[in-house]
Amino acid sequence: MLARLAPDLLAPKAGKRPREQELPPLENAEQGVVMRFAPNPSGPLHLGHARAAYLNDYYVRRYGGRYVLRIEDTDPRRVEEENYGLLLDDIDWLDLAVTEIVYQSDRMDIYYDYCRRLIELEGAYVCTCEAELFRSLKLEKKACPCRSQNVEENLGLWDRMLSGLFHEGMVTVRVRTDLAHPDPAMRDFSIFRIVDTPPHPRCEARVYPLMNFSVVVDDHLLGITHVIRGKDHIANTRRQQYIYDYFGWKPPYYLHYGRMSIEGVVLSTSAMKEGIREHRYTGWDDPHLGTLKAIARRGILPGAVRSAIIDIGVGETDISFSWENLYAKNKALVDPDANRYFFVPQPVLCRVAGAGDQTAHALLHPNHPERGSRDLAFRGGIYVSPDDVSGHALVRLKDLFNVRIHEEKGTFRLEYAGDSLEEVRAARAPIVQWLPEETVVPCLLRKPEGDIPGLCEPAVAGEAGKVVQFERVGFVRIDSAGSEGVQAYYAHR
RNA sequence: GCUGCUAUAGUGUAGGGGCCAAUCAUGUCGGCCUUUCACGCCGACGACUGGGGUUCAAAUCCCCAUAGCAGCACCA
C-alpha cells in the first residue's frame, strides 16, 4: 500500500498543470517540512478534504520533507470498516506526496502513556461530574469538585478507567487550563472519554482519546513542523497550546484557512449518507455530490482539483468554491488529449436527397491531425438532432457537405446543397454533427440536470474510462461501453 | 450570551501607507482564427462593506458599525 502511495518526491509528475499562483512562503521551512493530512474514516473524501490535502501537499513538494497521512479513527461511532478502503482509494486518486501512513487506532497505548504523564504533571484530572453539571459550572467560571483531586487520586481513577470499571458517560479526563479564561471554549476541556459500543474495528479500546490530545501527541511524536487546517480548528489550536506547555513541547506553525462552501452541493457526510439512503443519490459517486468519487466519474482530473485548490490558497476568508473555475482548469488539462466524436442527442433519422455515397473523414483532434480520423460512411440516411436543423434553411453536415432543410410538421427532408464551405459561412449556417444510419451506437448522456438519450460513433466504445469531447456538446467521460450501448457522464462544455 | 476570525469585480485571487482611477485567472459580451458553440489570439465589461479617525498621502494603519463564519461536545 505504502509503495503504491509513495511518490517520487524528487521528480514530481512532469506534466501539464495549468499555471497557478505561488502561495506565500512558510515560516521556517527552508530546511524542509513535515506536514500531515489527517482525515477521519467516516466516509469518502470530498472537495473540502481535497483542500487540506493539496495545500499541505503543495508545501511538502515545495520545501521537501515528509508527508504523513494520519487516519484519525478514534471515534468508533464514526468509523466503519469499509471506509478505510474508500479513503485509501481517494488518497490514491489525489496523487499526494505521502511518505507514510499512521493509524491512530494503532497508537492507543501511546496516548494512554502520555495521559498518565500529563496527570503526573498536574496538567490533567479525571472528572466524574455529569456533563451538564460541568457545563454550567464552566460557564460560571467555577471549578468542579474533581479539579482539586491530587495526582495520586487522579492516577487511581485513570487506572480504573483503563481497567473498565467505568461506563460510558461516567467519567472523562480534563486538561487543567484557566477557568477564568474569557473564552468558555478554553476552560478545562476533555481529552479522553469512554465508549462502550460499538466496538472499534481495528482495536479493542473502550477508553478513547479526544482529538485535542491525540493530535498533540502525534504531531509532536511524528515531528510535524507545519499544520495547515481550516479555521474551524482555530480554537483547538489554542486549546492544544495548553498541552504543549505542560509537556514543554514546541508546537508546529499553524495556518488556518477560511471556510469553503461549494456551490449547490452538500458536503456533510451525514447529509450525503441520508440522501443515498433515501435514493435521492445513487451512491457516493452520484454526480450531484461533491465527493471526489463523483467528480472523478464525471471526468474531472485530480490535477484540475489541485490547481483550483492552489489558486484558492490559504486565505482566511470564507469562500464559495465555484464549479466554473474548476471546469476551466479541467478543460485546460483535458482538451489537448480528448478525442472528438459525434454524439447526436434526441436523434431523428432523415433521408438526404441528391447526394451520392461518400465517406467523411473527421479528425480525432483538430489541433493534432497526426492522430488520425474517424471515417463516417454516408449511404443516404443520417441521424441529426432536431434542435440543430429546426429553423434553419441551410446546414453544414460537418466534414461532409451542405444540406437544405425542409421542415414539415416535425419531420425533416434534407437535400444536398453543395460542398462549399464558403457558402455556409456566408449564410452563417450552423455546422452540425451527424451520424450515418448504418453505424451508430446508443449512448446515454448523463448530466446533473437529467439523462439525454442519443447516438454516438461506435469508436466511442473504445474510449471507456477516458474523457472525450462530443463536438458541440461538451467534454464527457465514457463511463461504460457494452452491448447495451455507451454511457457517458457529462463534465462541462 | 461569551470568545475569536474574516470582509477587493458574478466566482476565486494579488496588492499590507504614495508606483493602485487596483493584478491575474475565471465568467460574460464583441471580434479574429477555425469544417465543433472546442482550442488559440485580440478587445471590452466588472470590485476596495459603511462611517469615523491617524497621515502631506489609506484598498493598505486604528476605532465603531454591519455582514458572514467558527468555537463554547465525554465528534473530528
Side-chain angles (χ1 to χ4, degrees), chain A residues 18-24 38-42 72-75 77-79 104 127 129-131 134-135 138-139 141 168-174 181-187 189-195 207-212 214-215 229-239 256 258-261 263 269 307-313 315-329 331-332 334-336 338 340-342 360-363 365-368 388 396-402 419 421-422 424-425 430-433 469-475 493:
Chain A
R19 32 206 132 357
E20 52 216 25
Q21 66 168 105
E22 182 161 310
L23 262 27
N40 71 305
S42 63
E72 304 210 329
D73 55 350
T74 53
D75 180 0
R77 295 225 165 78
R78 308 218 316 183
V79 171
Q104 289 192 319
C127 174
C129 296
E130 291 202 10
F134 181 84
R135 181 184 137 77
K138 172 185 71 179
L139 291 176
K141 304 187 177 181
E168 191 166 326
M170 292 170 63
V171 66
T172 184
V173 180
R174 298 186 181 281
H181 197 289
D183 184 352
M186 293 303 122
R187 302 172 196 156
F189 58 91
S190 282
I191 54 172
F192 275 89
R193 64 163 176 171
I194 291 177
V195 180
V207 176
Y208 291 93
L210 266 3
M211 184 198 96
N212 281 311
S214 49
V215 160
R229 55 180 176 178
K231 74 176 187 185
D232 46 323
H233 285 295
I234 202 155
N236 289 324
T237 298
R238 283 196 271 266
R239 288 200 265 222
H256 296 100
R259 188 191 154 83
M260 180 172 94
S261 64
E263 239 179 9
T269 302
S307 179
I309 292 297
I310 300 305
D311 261 7
I312 287 169
E316 291 180 61
T317 315
D318 298 337
I319 59 149
S320 159
F321 183 91
S322 162
W323 292 104
E324 277 180 352
N325 292 329
L326 177 61
Y327 293 159
K329 297 287 189 187
K331 189 190 275 187
V334 128
D335 182 82
R340 268 57 172 172
Y341 293 100
F342 287 162
H361 305 284
L363 291 173
H365 196 296
N367 300 346
H368 302 280
D388 284 339
R396 169 79 172 189
L397 301 176
K398 187 167 181 287
D399 300 302
L400 195 65
F401 49 62
N402 308 338
D419 297 326
L421 202 51
E422 289 66 36
V424 289
R425 286 252 165 76
I431 299 171
V432 309
Q433 76 278 23
Q469 189 203 48
F470 283 164
E471 296 198 43
R472 306 205 320 129
V473 173
F475 291 90
R493 293 219 62 155

Check the distance between [N]'s [atom2] and [X]'s [atom1] and give it to me in whole angstrom.
| X | N | atom1 | atom2 | result |
| --- | --- | --- | --- | --- |
| A:Glu72 | B:C75 | CD | P | 14 Å |
| A:Arg493 | B:A38 | CZ | C1' | 9 Å |
| A:Phe475 | B:A38 | CZ | P | 9 Å |
| A:Arg239 | B:A76 | CZ | P | 11 Å |
| A:Gln104 | B:C75 | CD | P | 14 Å |
| A:Arg229 | B:C69 | CZ | P | 22 Å |
| A:His181 | B:C72 | NE2 | C1' | 12 Å |

Taking 4.0 Å as the cut-off, does a side-chain nitrogen or oxygen of [X] come that near to OP1 or OP2 on [N]?
| X | N | value |
| --- | --- | --- |
| A:Arg425 | B:U35 | yes |
| A:Lys231 | B:U6 | no |
| A:Arg259 | B:A70 | yes |
| A:Lys331 | B:U26 | no |
| A:Thr74 | B:A76 | yes |
| A:Arg193 | B:A73 | no |

Can you find an N or O donor on one side and an acceptor on the other, under 3.5 Å apart, linking the side chain of [X] with the base of [N]?
| X | N | result |
| --- | --- | --- |
| A:Glu324 | B:G10 | yes |
| A:Asn325 | B:U11 | yes |
| A:Arg340 | B:A38 | yes |
| A:Glu263 | B:U11 | no |

Can you see which heavy atom on A:Asn402 is nearest to which on A:Asp419, and at what distance?
ND2-C, 4.1 Å
Contact class for [X] vs. all strands (heavy atom < 4.0 Å): base, sugar-phosphate, or nothing?
| X | value |
| --- | --- |
| A:Ile319 | sugar-phosphate |
| A:Asp388 | base |
| A:Pro366 | base |
| A:Asn367 | base |
| A:Gln469 | base |
| A:Asn40 | sugar-phosphate |
| A:Gly169 | base |
| A:His233 | base |
| A:Arg187 | nothing |
| A:Val171 | base |
| A:Pro209 | sugar-phosphate |

Examine A:Arg174 relative to A:Phe134 and say whether NZ or CZ is less than 6.0 Å from the centre of the six-membered ring and inside a 45° cone about the ring axis.
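Verdict for A:Phe134: a cation-pi partner in A:Arg174.
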Check whether more than 12 heavy atoms from other residues, nucleotides or ligands sit under 6.0 Å from atom CD of A:Glu263, and answer yes or no.
yes
Side chain of [X] only, please: which of [options] is the nearest?
| X | options | value |
| --- | --- | --- |
| A:Thr317 | B:U35, B:U6, B:A76 | B:U6 |
| A:Arg174 | B:G12, B:G4, B:C74 | B:C74 |
| A:Arg238 | B:G4, B:G71, B:A7 | B:G4 |

Would you measure the distance from the [atom1] atom in [N] across to the matching atom in [M] and give it in whole Å?
| N | M | atom1 | result |
| --- | --- | --- | --- |
| B:U13 | B:G31 | P | 33 Å |
| B:U28 | B:U11 | C1' | 12 Å |
| B:G71 | B:A9 | C1' | 32 Å |
| B:C29 | B:U34 | P | 22 Å |
| B:C20 | B:A73 | P | 50 Å |
| B:A47 | B:A21 | C1' | 13 Å |
| B:G43 | B:U23 | P | 14 Å |
| B:G50 | B:C39 | C1' | 45 Å |

Which residue, A:Ile431 or A:Ser190, contacts RNA chain B at a nucleotide closer to its 5' end, judged by nearest heavy atom?
A:Ile431
Side chain to side chain donor-acceptor pair (under 3.5 Å) involving A:Glu471 - partner list, sequence neighbours excluded
A:Arg374, A:Lys398
Among residues at least two apart in sequence or on other chains, which ones pass side chain to side chain donor-acceptor pair (under 3.5 Å) with A:Arg193?
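In terms of side chain to side chain donor-acceptor pair (under 3.5 Å), with neighbours along the sequence ignored, A:Arg193 is linked to A:Asp75.
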Check: A:His256 side chain, A:Gly315 main-chain N or O, donor-acceptor pair, under 3.5 Å
no
Using the side chain to side chain contact (heavy atoms under 4.5 Å, CB included) rule, take A:Leu210 and A:Phe189 through it: C-alpha gap first, then chi angles, then the decisive distance, then the call.
CA-CA 10 Å; A:Leu210 266 3; A:Phe189 58 91; over 6 Å; no
Are there runs of at least three consecutive Watson-Crick or G-U pairs touching RNA chain B, with each pair's two distances under 3.5 angstrom? Give them by first number.
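Result, WC/G-U stems under 3.5 Å: B:1-7 with B:66-72, B:10-12 with B:24-26, B:27-32 with B:40-45, B:49-53 with B:61-65.
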